[in-house]
Amino acid sequence: MKRYIPILLLVAACGFRPMYSGTDTDVYVAPINGINGIELRNELNAKFGGVRDAGAKYRLTVNLATPVTQYKALETTGDATWQEIVLTATYTLTADDKEIVKGTESASESYTFVRYLVAANASYNNAVQNTVQVLADKISARVIAETYRYEQSDE
């Protein structure tokens, strides 16, 4: 531990300030259509430090496409044993009616597809939930970076 203290002192002395400095990001996430959209909006709001009203400095508009599933593995009988779900979201971040960034993110996850309906639905739902979380991580990281850059350009 003692050997890291000089490095920490050097970093602190150079004016380095981490992008994630514990402050909440003032981003309003517009409602997103569908059940998966509600989950994605909740995840994004959690990443930004809570729900903001429409008067927030930044506005994030997300369009979530319908999940796409693909067969990944087939048995000799032709039955599917693995499937992959892919979710794609396009988003726009604005501040003061000015577009800061526009982008597209995708996330996917494979899951076991079994013959039993309840188990197959549970496996699918878990894969969708995990994919939504990954998508929220990707979008929030980009949004936080862009809001930080925008704040720095204003100074």
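Computed over heavy atoms, backbone and side chain alike; hydrogens, waters and symmetry mates excluded.
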Test side chain to side chain contact (heavy atoms under 4.5 Å, CB included) applied to Trp82 and Thr112, step by step
CA-CA 5 Å; Trp82 282 93; Thr112 304; 3.5 Å; yes
Output, in order, the C-alpha distance, side-chain angles, deciding distance and verdict of side chain to side chain contact (heavy atoms under 4.5 Å, CB included) for Leu87 and Val132.
CA-CA 8 Å; Leu87 278 174; Val132 166; 3.6 Å; yes
Could you check if a side-chain atom of Pro67 sits within less than 4.5 angstrom of a side-chain atom of Asn36, using non-hydrogen atoms only?
yes
Check whether any side-chain heavy atom of Val62 sits under 4.5 Å from a side-chain heavy atom of Leu40, and report yes or no.
yes
In one Ile/Leu/Val/Met/Phe/Trp/Tyr side-chain cluster, 4.5 Å: Ile85, Ile32:
yes
Restricting to side chain to side chain donor-acceptor pair (under 3.5 Å), what partner residues turn up for Tyr111, sequence neighbours left out?
Gln83
If we only count heavy atoms from C-beta on, is the Val143 to Val27 side-chain gap below 4.5 Å?
yes
Greater than 12 external heavy atoms within 6.0 Å of Asp97's CG
no
Distance (rounded to the nearest 0.5 Å) between Ile35 CD1 and Leu64 CG
11.5 Å
Exercise: do Thr88 and Ser106 side chains pair donor with acceptor under 3.5 Å:
yes
Calculate, to the nearest 0.5 Å, the distance between atoms CG and OG belonging to Leu135 and Ser140 respectively.
10.0 Å
What side-chain hydrogen bond (donor to acceptor under 3.5 Å, both in side chains) pairs are there with at least one residue in residues 122-132, not counting sequence neighbours?
Glu109-Asn130
What's the separation between atom CZ in Arg52 and atom CG in Leu60, rounded to the nearest 0.5 Å?
13.0 Å
Distance check, rounded to the nearest 0.5 Å: Ile38 atom CD1 versus Asn33 atom CG?
9.0 Å
Strictly distance-based, threshold 3.5 Å: is any side-chain N or O of Asp26 a donor or acceptor partner for the main-chain N or O of Ala56?
no
What is the minimum heavy-atom distance between Ala30 and Arg59, and which atoms define it?
CB-NH2, 3.7 Å
Just do the side chain to side chain contact (heavy atoms under 4.5 Å, CB included) check on Ile100 and Thr94 with the steps written out, would you?
CA-CA 5 Å; Ile100 297 174; Thr94 58; 5.9 Å; no
Asn121 atom CG, neighbour heavy-atom count above 12 within 6.0 Å:
yes
Taking all non-hydrogen atoms of both residues into account, name the closest pair between Ala107 and Val134 and its distance.
CB-CG1, 3.8 Å
Could you please spell out the steps behind the side chain to side chain contact (heavy atoms under 4.5 Å, CB included) verdict for Phe48 and Ile144?
CA-CA 8 Å; Phe48 300 140; Ile144 290 170; 4.0 Å; yes
With a 4.5 Å cut-off on side-chain heavy atoms, are Tyr150 and Asp96 touching?
yes
Look up atom NZ in Lys102 and atom OG1 in Thr61, then write down how far apart they are to the nearest 0.5 Å.
10.0 Å
Salt bridge (charged side-chain N to carboxylate O under 4.0 Å, His left out) involving Glu84 - partner list, sequence neighbours excluded
Lys72
For Ile139, run the side-chain contact (heavy atoms from CB on, under 4.5 Å) check against Glu105, Glu43, Lys47 and tell me which one passes.
Glu105
What closest approach, in Å, do Leu93 and Glu146 show between heavy atoms, and which atom pair accounts for it?
CD2-CB, 4.2 Å
